Structures are given as C-alpha cells and as structure tokens.
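Bear in mind the structure is a predicted one, so any value in this text is a computation, not a measurement.
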Amino acid sequence: MEYPSRYIDVLIDDDSWSDFDYSYLDNITLMIFKHFGYEEYLFEVCLYLTDNDKIQKLNLKYRGKDTPTNVLSFEGDLEFSKETPVLLGSIAIAYKYSFDEAKASNIAFKDHITHLFIHGMLHLLGYDHIKDSDFEKMKSLEVLFLNQLNIKNPYEE
C-alpha cells in the first residue's frame with residue numbers, strides 16, 4: 001500500500017505491515033507542525049515499519065540495548081527551509097512488539113501506533129524523557145495531541 005505524502009517517506013520491510021493504512025500519519029505530522037508553527041517549512045520524515053529482529057539490531061547498535069523495542073527515533077536536521085525539504089529524522093516502529101503492547105494494554109493497534117508515532121515525532125523535534133521533568137513535558141504534549149485525535153490517554157490506569 002503506497003500513499004502520496006507531503007511529509008513521510010515510508011519504508012516497509014515486514015509483511016505484517018502490509019494491511020496497515022499509515023496514510024493518516026501525514027495529517028498527524030501536519031497537526032504537530034502546526035502546533036509548533038512549523039507548517040510552512042518543508043520537512044521529510046522517514047518512517048521505517050519493521051519487525052522485532054531489525055529493531056533489536058538498531059537498538060543494540062545505537063542505544064547499546066540488546067532487546068527489541070516499540071519505537072526508535074533518529075534525529076536529522078532541525079533546520080528550517082521553505083524551499084528545500086530537510087530530513088527531520090527517522091522513526092522506526094516494530095510491528096509485533098507494538099501489537100503485543102497494544103493487546104496487553106487493551107488499546108486499539110492504530111491508536112497505539114499513533115501514540116508511538118507522536119512520541120517519535122517529539123523526539124525528532126528535540127524532546128526527550130531522560131529527566132523526570134522532561135518526561136512530564138513530553139508526556140503532556142503526547143496527551144494533548146492524542147486528545148485532539150480523540151484517543152484516550154495511554155498513561156491513565
């Protein structure tokens with residue numbers, strides 16, 4: 001499934017993703033860009049939809065953790081251009097890990113992927129969650145965007 005996108009270049013290397021309609025993520029990217037006042041600039045985000053084995057290799061190589069994870073983000077350039085698209089960065093999401101998390105948390109898979117994508121986008125925009133105060137700031141932005149999409153706060157019990 002291929003969709004024209006203003007912002008996202010998708011690479012899929014796991015057949016589990018073949019029926020997933022990721023086209024809506026472009027509108028989420030625009031929503032985030034509008035929130036920060038970036039909508040007039042040209043950015044590109046690489047979205048890598050993969051499996052547990054490949055994300056585990058990335059996690060080991062770049063974070064020193066030999067375990068699969070749900071989402072990884074790799075920052076590119078946070079430069080601003082109205083003429084030339086700038087690679088904001090890459091977001092990798094593992095299907096099975098994310099699917100299992102969604103199922104265990106009784107969250108719709110699409111809603112969970114939306115949350116992971118928003119989380120990844122915030123990392124590309126310079127947010128992190130190393131310190132508790134940074135985590136709270138990032139979490140509040142995630143919840144704000146999810147609320148705008150009528151998606152339940154995943155941090156609530």
Please find the pair of heavy atoms, one from Gly126 and one from Glu75, that lie closest to each other, and give the distance. CA-OE2, 4.3 Å
Can you see which heavy atom on Pro68 is nearest to which on Asn52, and at what distance?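 Scanning both residues, the minimum pair turns out to be CB-O, 3.8 Å.
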Measuring from [X]:[atom1] to [Y]:[atom2], what's the distance to the nearest 0.5 Å?
X: Ser23; Y: Ile28; atom1: OG; atom2: CD1; result: 10.0 Å
X: Leu60; Y: Thr67; atom1: CG; atom2: OG1; result: 10.0 Å
X: His35; Y: Phe145; atom1: NE2; atom2: CZ; result: 4.5 Å

Beyond-backbone contact of Thr29 with Met121, side-chain heavy atoms, under 4.5 angstrom: yes
Take atom CG in Asp15; do more than 12 heavy atoms of anything else shown fall under 6.0 Å from it? no
Polar contact flag, side-chain donor to acceptor under 3.5 angstrom, Asn59-Thr69: no
Which hydrophobic side chains are connected to Tyr48, either touching it within the sub-4.5 Å cutoff or through other members that do? Leu11, Ile55, Leu58, Tyr62, Leu72, Phe74
Could you pull out all residues at least two apart from Asp14 that satisfy side chain to side chain contact (heavy atoms under 4.5 Å, CB included)?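 Partners of Asp14 by the side chain to side chain contact (heavy atoms under 4.5 Å, CB included) criterion, ordered by chain and then number, come out as Ser16, Trp17, Asp51, Tyr95.
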Summary of salt bridge (Lys or Arg N to Asp or Glu O under 4.0 Å) pairs that have at least one residue in residues 95-109, sequence neighbours excluded: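 Sorted result for residues 95-109: Lys96-Asp100.
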Pairs involving residues 138-149, ordered by first then second residue, that meet salt bridge (Lys or Arg N to Asp or Glu O under 4.0 Å) (sequence neighbours left out): Glu136-Lys139
Measure centre to centre between the rings of Tyr41 and Phe33, then say whether the value is under 6.0 Å. no
Would the His115 and Tyr155 ring centres measure less than 6.0 Å apart? yes
Residues which pass ring pair (Phe, Tyr, Trp, His ring centres under 6.0 Å) with His129, listed by chain and number, not counting sequence neighbours: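 In terms of ring pair (Phe, Tyr, Trp, His ring centres under 6.0 Å), with neighbours along the sequence ignored, His129 is linked to His119, His123.
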Candidate pair Phe117 and Tyr22, rule ring-ring contact (aromatic ring centres under 6.0 Å, His included), full reasoning: CA-CA 10 Å; Phe117 182 77; Tyr22 55 82; over 10 Å; no
Tell me the side chain to side chain donor-acceptor pair (under 3.5 Å) pairs involving residues 82-94, sequence neighbours left out?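 Sorted result for residues 82-94: Glu40-Lys82.
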Tyr7 with Leu87, same ILVMFWY side-chain cluster at under 4.5 Å: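 No: no chain of side-chain contacts under 4.5 Å links Tyr7 to Leu87.
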